[in-house]
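As structure tokens, the structure follows; a few thoughts come after it.
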Amino acid sequence: MTIFPTRILFASDGSEDSELAATTAAGLAKITGSELHVLHIAPAFPDYFEPSDPEPGPTEREGRRILDEQVNKIENVGGAVAQSHLRMGGAAEEVIDLSEELETGLIVLGSRGKGRIRRALMGSVSDSVVRHAHCPVLVVRWKPVVFPAKILLATDGSEEADLAAQSAADLAARTASELHVTHVEKAPLQGGFVAGVDVGPVPAGAQELLDKEAKELLQAQLERMREAGASVTEAHLMSGRADEEIIFRAEQVGADLVVVGSRGLGGVRRALMGSVSDSVVRHAHCPVLVVRREGGRQEPV
């Protein structure tokens, strides 16, 4: 599976992170020959506001103003917007619904909404979109992704990781970017369990077997990528808790973008196990692209 060229949906809310996401989405659409759509969601009712807000909540007219302003900003820096969309209602639900209507191949959005109180009341839109969208999601925080970039792919040998690898390789090739690959092996702890999100018994042979399996998995992934014509700058084998090690490696290599697969676990299992991709999105110092199978939407629980 390769993502590009595709139809990109950029969801704007006027926040600082959203501006960074706009720069990323516009640049990505241009360099990959993709179609860019811009969405702004205005609350249907003025339920969420901060004391400093001049009015209880944005009206449809205000929402249209924000949307038009965002489109103008993109076009003023040389970007092309295929269509703009104004929706009223819950942000995450509207992003996901429009993405399915448009059959987008990628959603781009900022990590944080406007204002601390509003974020606390509404929860994280980006978290919900990552968990329930039918397509890959690029969450932008701290800085935009400017290509060519340094991309870090995190792989664990799963089907979703293979899809992420294909997408990362395609993106690196199309944008002349540097591609790093990392795999985090499970580290045994006292008591016969494995550190990290996926907790389970250590196989017979403990560390030696884990080391061997991890090296073979990483080598197999690199071989598949080479056969597909991908050029890998450097491969990294690490041990420990997956999300923490991915975040650490991203900082160590100075990654501009982290690419991970999402297993699309159901609500109960996700609540019990946690999610590596969720944690990386929340804590990485740079934007994160979460790749999942088409049609992988999971209904909220």
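Just so we're clear, the structure is a prediction, and the values are computed from it rather than from any experiment.
A donor-acceptor pair is defined here as one N or O able to donate and one able to accept, closer than 3.5 Å; no such pair exists between the side chain of H236 and the backbone of I246. Formation of a donor-acceptor pair under 3.5 Å by the R292 side chain with backbone atoms of V130 is found in this model.
Sorted by first then second residue, the salt bridge (Lys or Arg N to Asp or Glu O under 4.0 Å) pairs that include residues 18-27, not counting sequence neighbours, are E19-K73.
Closest approach of P287 to R141, counting heavy atoms only: CD-O, 3.7 Å. Across every non-hydrogen atom of A242 and V184, the tightest pair is CA-CG1, 3.9 Å. Nearest heavy-atom pair across G110 and S126 is O-CB, 3.7 Å.
There is no path of hydrophobic side-chain contacts, each under 4.5 Å, that joins L179 to L217. Using a 4.5 Å cut-off between side-chain heavy atoms of Ile, Leu, Val, Met, Phe, Trp and Tyr, with links allowed through other members, V181 and V253 fall into different hydrophobic clusters. Hydrophobic clustering (ILVMFWY, side-chain heavy atoms < 4.5 Å, transitive): V259 and L222 are in one cluster.
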Item to check | From CA spacing to verdict: salt bridge (charged side-chain N to carboxylate O under 4.0 Å, His left out), D170, R174 | outcome: CA-CA 6 Å; D170 180 41; R174 290 178 182 273; 2.8 Å; yes

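L106 has its side chain within reach of F4: a pair of non-hydrogen atoms, C-beta onward, lies under 4.5 Å apart. D256 is not listed as a side-chain neighbour of E178, based on a closest heavy-atom distance of 4.5 Å or more. Residues L257 and L138 meet the side-chain proximity criterion, which asks for heavy atoms closer than 4.5 Å.
No hydrogens or angles considered: nothing links the side chains of E185 and H183 as a donor-acceptor pair under 3.5 Å. Side-chain contact of S158 with D156: a donor-acceptor pair under 3.5 Å is present, judged by distance alone.
Looking at residues two or more places apart in sequence or on another chain, you find no side-chain hydrogen bond (donor to acceptor under 3.5 Å, both in side chains) involving H283.
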